[in-house]
Amino acid sequence: MKTPLPDYLVHVIDACDTDNSGRLADYIPELANANPNRLALALSTVDGEVYSVGDDEIEFTIQSMSKPFTYAYALQKLGIDAVLDKVGVEPSGEAFNQISLGNDRRPKNPMINSGAITTHSLISIKEGLQGAEILREFMSELAGRELRFDDAVYQSEVKTAYRNLSIGYMLRTVGILESDPVDIVNDYIRQCSILVTVKDLVRMGSVLANGGVDPKTGKRLLNRAVVRQVLSVMMSCGMYDAAGDWLTTVGIPAKSGVAGGILGVLPGQVSIAAFSPKLDEHGNSVRGIEILERLSRDMGLHLMEGTSSAQTIVQSHYLTGKNASLSVYVLRGVLKFTEAEMLLRTLQCEPVNKNTIVIDLSQISLIHDVGKRMFLEGIDRLIDDGHTLLLVDPEQRLDHARTHKDRILHVYQNLEDLIEKHKEL
Ligand code: GLU
């Protein structure tokens, strides 16, 4: 059997291929030379499987889709508060290149140019190096291959960067930028000239979808709190002055760029990238929007459609051992608040003082902090009731198996060994 997903993606781009509306960005002269017919789509699952169709090998400049990654890098290096001191998180409702500040004299958010130039400046200052190069290396790590700059696009934008320079001078005037605005703006423009394909973008996005861990290498590249911050800002501010429209129709945190790319990231599920150079009046790719709208509708990806909780946590429960006094719970899935509450509600039916309770966590894919806290609290209460607790946790994800009352739990590598050892009970 061949998975039908690639055929479905081809079907989606074919359906959008006929829309020829929109215009190429021309305020960066080099972008006006792009082939307007290009069309590509890629999707990465949260475990890193990439599907792609159309012009999926064609590189184009990342432009504003670099902004969430610059923001992520700054948050990771400087901490959320230090970045918030300089850049807000409020949707601006204005065009991406508006020369404006919030009432508190900070740029309103990091997804518009004033905020993005500011986050870029934080990176240069921190490392004492050119920010664009640091970011190229960072994005290359996320993409899993060496990315490069497009010098022609860079030169072309630098020559005509009057608006971004105005923003830079304004930021310098109010003290948000702390060094030469021309250097910072030029280096920000270089950041925007990094070349990517839709396949690169979905790989980069899959790290965000996967809570900061690269699903291909298993390496943690960003903290969970950083990812949450970045995706929140993408959700509220990523689509410029069309953000509200986007939230209601597509409902996927996203960022677009004026070269025609759109990257959407649905936490815990997928990342999706589309590329088609013709833009609407907000500066977003016309066909890219159509593609994401369609995928969101067809695949039920709207963030507000509900959580991905499987609504089940106990895969099986049975009694075993000589006098049926081993009560075994095999858990499966993700242990967050909803699932932990369900589990504790089930465990409260265990009769006081009776069984030895065995809980097998080996098939749990993620234990969230709140899930862990609730679980350990439940364990203490079961022990208080007179139960003996035995765990199967080969990956040792329970803080050295110490409960809140500092009890050390018996942990086994696998369920079969545990049952074998205790079958006489
Ligand atoms: N380099 C572009 C600029 O700063 C990026 C804008 C965009 O992609 O929206 O004007």
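Nothing here was measured: the structure is a model prediction, and the numbers come from that model. One-based numbering, in listed order, for ligands and for the atoms of each.
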Under-4.0 Å salt bridge between Asp85 and Arg106: no

Proximal ligand 1 atoms for Asn113, defined as those under 4.0 Å from one of its heavy atoms: 3 (C), 4 (O), 10 (O)

Carboxylate-amine/guanidinium proximity below 4.0 Å for Arg190 and Asp150: no

Donor-acceptor side-chain pairing of Gln98 and Ser114 below 3.5 angstrom: no

Geometric class of the Phe96/Tyr27 ring pair [parallel <30°, tilted 30-60°, perpendicular >60°]: tilted

Check against salt bridge (charged side-chain N to carboxylate O under 4.0 Å, His left out), Asp214 and Arg203: CA-CA 8 Å; Asp214 183 337; Arg203 266 210 73 175; 3.4 Å; yes

For atom 7 (C) of ligand 1, the protein heavy atom that lies nearest, with its residue and separation: Ser64 OG, 2.5 Å

Residues Arg148, Glu59: salt bridge by 4.0 Å N-O rule: yes

Interfacing atoms of ligand 1 (cut-off 4.0 Å, heavy-atom, Cys192): 1 (N)

Heavy-atom nearest neighbour in the protein, as seen from atom 1 (N) of ligand 1, with distance rounded to 0.1 Å: Gln63 OE1, 2.7 Å

Contact with ligand 1 for Asn164, non-hydrogen, under 4.0 angstrom: yes

Protein residue, atom and distance nearest to atom 4 (O) of ligand 1, heavy-atom basis: Tyr188 OH, 2.7 Å

Heavy atom of the protein closest to atom 9 (O) of ligand 1 (residue, atom name, distance): Tyr240 OH, 2.2 Å

Part of Ile189 within contact of ligand 1 (heavy atoms, under 4.0 Å): neither

Protein heavy atom at shortest distance from atom 10 (O) of ligand 1: Tyr27 OH, 2.7 Å

Numbered atoms and elements of ligand 1 in range of Gly257, under 4.0 angstrom, heavy atoms: 8 (O)

Stacked cation flag Arg38 on Phe60, 6.0 angstrom / 45 deg: no

Residue portion contacting ligand 1 (non-hydrogen atoms closer than 4.0 Å) for Arg163: neither

